[in-house]
Protein chains: 2
Amino acid sequence: MSSVNEAKVRQEGLEAMLIHRLREGGLRVTPERLTIFRELSQTRHPLPKPELVERLKSAGINQATVYRVLDLFTALKIVQAVLLPHGVVGYEPVPPFRDHHHHIVCASCGTMADLYECDIDQVIQHDLQPIGFIPISHALEVVGLCRACQSSASH
Amino acid sequence: MSSVNEAKVRQEGLEAMLIHRLREGGLRVTPERLTIFRELSQTRHPLPKPELVERLKSAGINQATVYRVLDLFTALKIVQAVLLPHGVVGYEPVPPFRDHHHHIVCASCGTMADLYECDIDQVIQHDLQPIGFIPISHALEVVGLCRACQSSASH
DNA sequence: TTTTTTGCAAAGATTTTGCACCTTA
DNA sequence: TAAGGTGCAAAATCTTTGCAAAAAA
């Protein structure tokens with residue numbers, strides 16, 4: 001089961017990176033922070049705050065801690081907020097804690113998938129340089145119909 | 001003052017379109033719905049729900065009505081949710097109630113501007129056709145530093 | 001031991017809901 | 001006048017905060 005080991009090795013690398021980021025900022029490494037990061041990086045989709053709180057209850061982590069750590073991770077650019085269907089905001093790790101990617105969302109069933117292809121940087125540069133705007137990051141979200149929802153008689 | 005008149009004519013056209021959309025769905029045209037739409041389409045930036053509620057208080061429109069109408073407009077694809085700085089969600093009209101555009105956000109001061117250039121459709125088609133995903137709409141958001149925030153010694 | 005972080009519990013915001021009354025078509 | 005929409009007020013959720021106790025460095 002090599003892929004299982006690869007995943008494990010990768011996860012350990014990410015956590016080492018997180019620990020380094022915290023220490024270089026004079027911040028402390030706590031089991032709560034590691035557990036919250038693990039939950040975010042091992043889940044395939046962005047998690048809304050209330051769901052993250054719910055998932056971490058079993059680990060005995062308090063609500064307030066989840067909110068505070070999420071704010072911290074966002075400020076440190078370890079995670080970012082993304083828009084989910086129905087105007088809900090979810091959180092997910094960003095590069096290098098996560099591969100660079102975008103989202104495709106089915107307008108019918110709401111399923112979200114990742115899109116790794118991205119050639120839009122040139123466009124961005126072309127339009128933003130004239131106004132002196134320096135791009136740091138970007139997010140592309142495509143909403144449409146997945147194959148499954150096309151075949152079902154929609155609604 | 002021709003531009004003033006143009007704006008007025010355009011606004012009237014948008015409202016006529018809204019009225020048509022409502023009627024064709026068997027829904028009613030009420031002063032509350034018109035007022036809420038007007039507020040959204042005459043404001044230059046996406047508005048968070050609480051701010052919209054606040055702005056409509058003076059018009060005597062109840063909180064619950066604002067929430068319900070916003071849900072309705074979203075379902076009818078008259079407005080859409082977009083992600084603002086700090087994980088806040090705002091609402092703005094979508095095409096044809098608004099020109100097709102994207103957002104650029106300054107990471108430092110949080111100022112948001114519109115970006116009308118958009119050549120990413122080909123990319124989308126190229127990557128999404130193979131998986132049978134039919135794109136309906138897309139959103140691009142670029143975060144970076146505006147000229148003003150580059151010159152000030154940042155923070 | 002010093003400084004940071006967490007848990008707890010209460011306060012503050014935001015969002016949703018049921019129902020009576022009012023409006024639109 | 002029939003169906004849909006709004007206001008009101010309470011309930012349910014979600015988010016923030018102050019402070020004492022616990023943990024990291």
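Letters A, B, ... mirror the listed sequences (proteins, then strands); counts begin at 1.
- Between B:Leu70 atom CG and C:dT16 atom P there is a gap of 10 Å when expressed in whole angstrom units.
- Salt bridge absent: B:Glu6 and B:Arg10 never bring a charged side-chain N and a carboxylate O closer than 4.0 Å.
- Contacts of B:Gly25 with the nucleic acid, taken as non-hydrogen atoms under 4.0 Å apart, are absent.
- The two residues B:Ala81 and A:Gly87 make their nearest non-hydrogen contact at CB-CA, 3.9 Å.
- No donor-acceptor distance shorter than 3.5 angstrom exists from the side chain of A:Arg28 to the backbone of A:Arg23, with no hydrogens or angles considered.
- Counting to the nearest Å, the C1' atom of C:dT14 and the NE2 atom of A:His86 are 19 Å from each other.
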Using a 4.0 Å heavy-atom cut-off, write out nucleotides 19-25 of chain C from 5' to 3' as B (base contacted by protein), S (sugar-phosphate only) or - (no contact).
----BBS
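- In this structure, A:Glu32 places its CD atom 14 Å from P of D:dA22, rounding to the nearest Å.
- B:Arg33 has its side chain within reach of B:Leu27: a pair of non-hydrogen atoms, C-beta onward, lies under 4.5 Å apart.
- Annotation: side chain of B:Leu40 is not in contact with side chain of B:Phe97 (no heavy-atom distance under 4.5 Å).
- The nearest whole Å value for the distance from the CD1 atom in A:Ile19 to the C1' atom in D:dA24 is 13 Å.
- For the pair B:Glu39/B:Leu56, a side-chain contact is recorded, criterion being any heavy-atom separation below 4.5 Å from C-beta on.
- Rounded to whole angstrom, the span from the CG atom of A:Leu52 across to the P atom of D:dT15 amounts to 11 Å.
- The CG-P distance, from A:Leu76 to C:dT5, rounds to 10 Å in whole Å.
- If you find the closest nucleotide of DNA chain D to B:Asn62 and to B:Gly26, the one lying nearer the 5' end belongs to B:Gly26.
- Using a 4.5 Å cut-off on side-chain heavy atoms (C-beta onward), A:His103 and A:Pro46 make contact.
- Put simply, A:Tyr67 has no side-chain N or O that comes within less than 4.0 Å of OP1 or OP2 on D:dT16.
- Nucleic acid contact class of A:Gly60 (heavy atoms, under 4.0 Å, all strands): sugar-phosphate only.
- Within the 4.5 Å cutoff, the side chain of B:Tyr91 has heavy atoms near those of the B:Leu70 side chain.
- Spacing between atom CD of A:Glu51 and atom P of D:dC14 amounts to 11 Å, rounded to whole angstrom units.
- Put simply, NZ on B:Lys49 is 10 Å from C1' on C:dT16, counting in whole angstrom units.
- Each of B:Asp71 and A:Val66 was matched to the nucleotide of DNA chain C holding its nearest heavy atom; the match closer to the 5' end belongs to A:Val66.
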Evaluate B:Ser41 against B:Gln11 for side chain to side chain donor-acceptor pair (under 3.5 Å), listing each step before the verdict.
CA-CA 8 Å; B:Ser41 62; B:Gln11 184 63 30; 3.1 Å; yes
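- Contacts between residues 33-47 of chain A and DNA chain C, defined by a heavy-atom separation below 4.0 Å, involve A:Arg33, listed by number.
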